[in-house]
Amino acid sequence: TVGAVAVDAEGNVACATSTGGMLNKMEGRVGDTPCIGSGGYADNLSGAVSTTGYGEDIMKVTLARLVLFHMEQGQSAEAASDVSLAYMKSRVGGLGGVVTVDPRGNWAACFSSRQMSWAAAQGGTLHHGLYAGE
Amino acid sequence: MLPLVVVHGGAGHVPKERSENSAMGVCSATQAAYRILQDGGSSMDAVVEAVTRLENNPFFNAGCGSVLNVKGDVEMDAIVMDGRTLASGAVSAVRNIANPVQLARLVMDKTSHACLTAEGASQFARSMGVVEVPQESLITEYARMRWRNNLEPSANPVECQMGKMG
């Protein structure tokens, strides 16, 4: 799965996610990616999220929308991402990752799996990572 | 500080020998999207560009490089959503499409629906002039090797793809 979130100069947010799905999946199996609120969500009033991980678990917690609910309650992009991933892991044992932005230009790249390749560009600086802690 | 773009290449297990290509892929996709934003482009244009680049990169599980289903075929899903209008578009179980994210955007822009699936999505693609590609062009040797390795009844494809608990 691959995905992106962005905030343009006018403060509009958007998300996009695309995937081949799960390895050796049943024919016709559809995961979280095309499901609004699970594979991605975007609202100028709170932010945008793109998710990756085990789709059946992401759908159980509607992970993308869950992150934004926490941000609407005042949590930062990073805290909201971490607490939502922790909920998915504790509630249904699911692993995954998210990239998150808010309309003011705060961002996060968080994951509960062993790794997630990510990159961010802001103010002319490129940030990137793959393993936890990078 | 605006504008800003953040990209991910998937939270699955990336073998060491592929991690460098994975890191380079997300960085170049991010830079391409950021250039669009710096030129005054929309956040929707930026995220579609970033994901298109990764769909075209065989090191990622999307577009070319997708994992295979149990029959050895490629079925793909994609979504886009616009935070200004809450409009969204998605496709699921689509085949023979190089860039499902661009088809998802057409669903958002050209239909009143949120998602089109399987043969219906393919018919819509044809009506929009989206060129179909042979499935072979989407399948990599790495994807075929993982598919074969996980056909055994004892295999654990989810753990193979996601890696063990982090």
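Order of the sequence lines sets the chain letters (A, B, ...), proteins ahead of strands, with each chain counted from 1.
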If you count heavy-atom pairs under 4.5 Å between each of [options] and chain A, which one has the most?
{"options": "Ala78(B), Ala104(B), Gly41(B)", "value": "Ala78(B)"}
{"options": "Ala29(B), Ala90(B), Ser66(B), Gly9(B)", "value": "Gly9(B)"}
{"options": "Val80(B), Asp77(B), Val70(B)", "value": "Asp77(B)"}
{"options": "Val26(B), Thr30(B), Val67(B), Val47(B)", "value": "Val47(B)"}
{"options": "Gly40(B), Gly89(B), Ser42(B)", "value": "Ser42(B)"}
{"options": "Gln31(B), Glu55(B), Arg105(B), Lys71(B)", "value": "Lys71(B)"}

Around atom CZ of Arg91(A), are there more than 12 heavy atoms from other residues, nucleotides or ligands closer than 6.0 Å? no

Would you indicate whether Glu132(B), at its atom CD, is surrounded by more than 12 heavy atoms from other residues, nucleotides or ligands within a distance under 6.0 Å? yes

Can you tell which part of [X] gets under 4.5 Å to a heavy atom of chain A, answering side chain, backbone, both or neither?
{"X": "Leu68(B)", "result": "backbone"}
{"X": "Leu151(B)", "result": "both"}
{"X": "Arg95(B)", "result": "side chain"}
{"X": "Val14(B)", "result": "both"}
{"X": "Ser88(B)", "result": "side chain"}
{"X": "Ala46(B)", "result": "side chain"}
{"X": "Ala50(B)", "result": "side chain"}

If I measure from the heavy atoms of chain B, does [X] come under 4.5 Å with its side chain, its backbone, both, or neither?
{"X": "Leu130(A)", "value": "side chain"}
{"X": "Ala108(A)", "value": "backbone"}
{"X": "Tyr41(A)", "value": "both"}
{"X": "Met26(A)", "value": "backbone"}
{"X": "Ser46(A)", "value": "neither"}

Hey, which of [options] has the most heavy atom pairs under 4.5 Å with chain B?
{"options": "Thr51(A), Val98(A), Asp32(A), Thr100(A)", "answer": "Thr51(A)"}
{"options": "Ala109(A), Ala120(A), Gly31(A)", "answer": "Ala120(A)"}
{"options": "Gly53(A), Gly28(A), Ala16(A)", "answer": "Ala16(A)"}
{"options": "Gly123(A), Cys35(A), Gly40(A)", "answer": "Gly123(A)"}
{"options": "Gly47(A), Gly97(A), Gly124(A)", "answer": "Gly124(A)"}
{"options": "Glu10(A), Met116(A), His128(A), Arg104(A)", "answer": "Met116(A)"}

Indicate yes or no: at least one non-hydrogen side-chain atom of [X] is less than 4.5 angstrom from one of [Y].
{"X": "Met81(B)", "Y": "Ile36(A)", "value": "yes"}
{"X": "Thr17(A)", "Y": "Val51(B)", "value": "no"}
{"X": "Lys25(A)", "Y": "Glu75(B)", "value": "yes"}
{"X": "Val99(A)", "Y": "Val7(B)", "value": "no"}
{"X": "Cys27(B)", "Y": "Leu126(A)", "value": "yes"}
{"X": "Tyr131(A)", "Y": "Ser19(B)", "value": "yes"}
{"X": "His13(B)", "Y": "Gln115(A)", "value": "yes"}
{"X": "Val7(A)", "Y": "Ser43(B)", "value": "no"}

From [X] atom [atom1] to [Y] atom [atom2], the distance as rounded to the nearest 0.5 Å:
{"X": "Asn69(B)", "Y": "Leu23(A)", "atom1": "CG", "atom2": "CG", "result": "10.5 Å"}
{"X": "Glu20(B)", "Y": "Ser117(A)", "atom1": "CD", "atom2": "OG", "result": "13.0 Å"}
{"X": "Ile79(B)", "Y": "Thr19(A)", "atom1": "CD1", "atom2": "OG1", "result": "12.5 Å"}
{"X": "Asp8(A)", "Y": "Gln38(B)", "atom1": "CG", "atom2": "CD", "result": "13.0 Å"}
{"X": "Asp82(B)", "Y": "Cys15(A)", "atom1": "CG", "atom2": "SG", "result": "9.5 Å"}

Please list, chain by chain and in numerical order, all residues satisfying side chain to side chain donor-acceptor pair (under 3.5 Å) with Thr52(A), sequence neighbours excluded. none

Between [X] and [Y], is there a shared hydrophobic cluster once you connect ILVMFWY residues whose side-chain heavy atoms come closer than 4.5 Å?
{"X": "Met76(B)", "Y": "Phe124(B)", "result": "yes"}
{"X": "Val61(A)", "Y": "Leu68(A)", "result": "yes"}
{"X": "Val74(B)", "Y": "Phe60(B)", "result": "no"}
{"X": "Ile58(A)", "Y": "Val92(A)", "result": "yes"}
{"X": "Met108(B)", "Y": "Val130(B)", "result": "no"}

Given side chain to side chain contact (heavy atoms under 4.5 Å, CB included), test His8(B) with Ser50(A) step by step and report yes or no. CA-CA 8 Å; His8(B) 71 77; Ser50(A) 171; 3.0 Å; yes

Side-chain ([X]) to main-chain ([Y]) donor-acceptor, under 3.5 angstrom:
{"X": "Tyr34(B)", "Y": "Thr125(A)", "answer": "no"}
{"X": "Asn24(A)", "Y": "Trp147(B)", "answer": "yes"}
{"X": "Gln122(A)", "Y": "Leu2(B)", "answer": "no"}
{"X": "Ser113(A)", "Y": "Ala11(B)", "answer": "yes"}

Provide the closest heavy-atom pair for Leu4(B) versus Gly105(A) in the form atom of the first, atom of the second, distance. CD2-O, 3.3 Å

Would you sort out whether Asn61(B) and Val2(A) count as a side chain to side chain contact (heavy atoms under 4.5 Å, CB included), showing the intermediate values? CA-CA 7 Å; Asn61(B) 173 22; Val2(A) 300; over 6 Å; no

